[in-house]
Amino acid sequence: MEPKKIKNWRSRVHEIIYEADTPMGKLFDIVLLILILVSVLIVMLESVTAINSKYHQYFLVIEWVITILFTIEYITRIIVVQKPAKYIFSFYGIIDFLSTIPLYISLIFFGTNYLITIRALRLLRIFRILKIGRFIGEGNQLRKALMESRVKIFIFIFAVIIIAVIFGTLMYLVEGEESGFENIPVSIYWTIVTLTTVGFGDIAPITAVGQFLATLIMILGYGIIAVPTGIVGARYFKNSKEDFVHVNSQSCQNCGVSKHRDDAKYCYNCGENLYPNNSSNQ
């Protein structure tokens, strides 16, 4: 096969499996998502003894068929890119690999087939496939708000830990082993659980002082929930007026980068033509 024909073949396949702008590319990704949902559903049904005992062989066949298809897809993704390592070690590359190997590992280690649920992470591609720009934009804003608030959140968590240590120690001194507070670590754990308003269960203070301290901890818990929400929320609304989010799904065949502008014809990273098979974009 001539080098030019090989390049054209790779370009066409690349456009189908990496892009969602073409009808074939969108169809490929939608079929892929359906297979992912089916495989995750089967794993869930396998955990139900009554269903698994009746349909185990059918489930196993379907799992292997889907796994083989995913294996072929993963290898094809590596073949059609010019820099395979960039895909292999990318976020989606690692997820694709991890979602392919569980059934193979189960041949050696029993039970690892349940790790097939990792494939659910591949459903993240739905935002790119369906071009849900608003969700992408809000996701970026939330990520940015969390990053900008990380120092404040760290200080807040550190303060909560100090509070838990102090109140936990006080509860141990006040209540003692008779009330179930066997040691300071257990008391600190009880304090943290109470701060989160979940409730510890079997352990509860019985003295008046202990109940007073528990009341303070529970009231403090409501305030603690509000603080990080306010920190992140303030940053989120500050970033809510971001520029228009481009939802171009085109991935450069040469260097593998994505997130191009909707009107981009060439890769912003390496200058490669994003549409080598479309003469109108030359």
Side-chain angles (χ1 to χ4, degrees), residues 1-43 60-107 112-113 115-131 247-260 264-267 269-279 281:
M1 188 178 290
E2 299 177 7
K4 187 175 181 180
K5 290 183 178 179
I6 294 175
K7 185 175 181 180
N8 288 339
W9 173 81
R10 289 175 63 186
S11 297
R12 289 191 181 94
V13 176
H14 180 278
E15 189 171 282
I16 292 173
I17 67 176
Y18 276 98
E19 321 302 346
D21 290 330
T22 63
M24 285 298 295
K26 182 170 289 188
L27 176 63
F28 175 84
D29 283 339
I30 290 174
V31 170
L32 195 64
L33 292 178
I34 292 173
L35 290 175
I36 293 168
L37 288 171
V38 170
S39 63
V40 172
L41 178 62
I42 287 175
V43 172
L60 189 61
V61 170
I62 295 173
E63 282 181 357
W64 273 112
V65 169
I66 294 175
T67 295
I68 291 171
L69 290 174
F70 281 170
T71 303
I72 296 171
E73 179 228 354
Y74 179 73
I75 294 172
T76 305
R77 285 181 181 273
I78 294 174
I79 293 173
V80 299
V81 292
Q82 295 184 20
K83 296 181 180 179
K86 195 169 185 69
Y87 161 71
I88 292 172
F89 296 104
S90 67
F91 172 76
Y92 282 116
I94 293 171
I95 294 301
D96 291 345
F97 175 74
L98 293 177
S99 66
T100 303
I101 62 172
L103 205 56
Y104 295 116
I105 297 177
S106 69
L107 296 174
T112 52
N113 59 304
L115 294 175
I116 285 175
T117 51
I118 292 173
R119 288 175 184 169
L121 289 172
R122 300 192 71 185
L123 295 174
L124 292 172
R125 282 192 172 96
I126 195 170
F127 295 109
R128 178 178 67 88
I129 295 166
L130 301 182
K131 290 180 174 288
V247 292
N248 189 324
S249 65
Q250 202 74 10
S251 174
C252 177
Q253 185 180 359
N254 181 53
C255 66
V257 302
S258 56
K259 297 182 180 179
H260 295 92
K265 296 180 181 179
Y266 300 94
C267 176
N269 185 55
C270 67
E272 184 79 5
N273 189 346
L274 294 174
Y275 306 92
N277 296 317
N278 190 342
S279 59
N281 286 305

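This structure is a prediction, so every number in the text was calculated from the model and none was measured.
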Inter-residue atom distance [X].[atom1] - [Y].[atom2], 0.5 Å rounding:
{"X": "Ile75", "Y": "Glu73", "atom1": "CD1", "atom2": "CD", "value": "10.5 Å"}
{"X": "Cys270", "Y": "Gln82", "atom1": "SG", "atom2": "CD", "value": "8.0 Å"}
{"X": "Phe91", "Y": "Ile95", "atom1": "CZ", "atom2": "CD1", "value": "4.5 Å"}
{"X": "Asp29", "Y": "Ile16", "atom1": "CG", "atom2": "CD1", "value": "10.5 Å"}
{"X": "Leu103", "Y": "Leu60", "atom1": "CG", "atom2": "CG", "value": "7.0 Å"}
{"X": "Ser99", "Y": "Ile94", "atom1": "OG", "atom2": "CD1", "value": "12.0 Å"}

Could you tell me whether the side chain of Tyr74 reaches within less than 4.5 Å of the side chain of Tyr87, counting heavy atoms only? yes
Taking the side chain as every heavy atom from C-beta outward, state whether Asp96 and Phe70 have any atom pair closer than 4.5 Å.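 Heavy-atom side-chain distance check fails, nothing below 4.5 Å.
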Which residues satisfy the side chain to side chain contact (heavy atoms under 4.5 Å, CB included) test with [X], sequence neighbours excluded?
{"X": "Val13", "answer": "Trp9, Ile17, Thr76, Val80"}
{"X": "Ile62", "answer": "Val38, Ile42, Ile66"}
{"X": "Val31", "answer": "Leu27, Leu35"}

For Thr67, the side-chain hydrogen bond (donor to acceptor under 3.5 Å, both in side chains) test, sequence neighbours excluded, returns Arg119
Taking only residues two or more places apart in sequence, or in another chain, which ones meet Ser90 in a side-chain hydrogen bond (donor to acceptor under 3.5 Å, both in side chains)?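 Partners of Ser90 under the side-chain hydrogen bond (donor to acceptor under 3.5 Å, both in side chains) test: none.
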Would you call the rings of Trp64 and Tyr104 parallel, tilted or perpendicular, taking 30° and 60° as the class edges? perpendicular
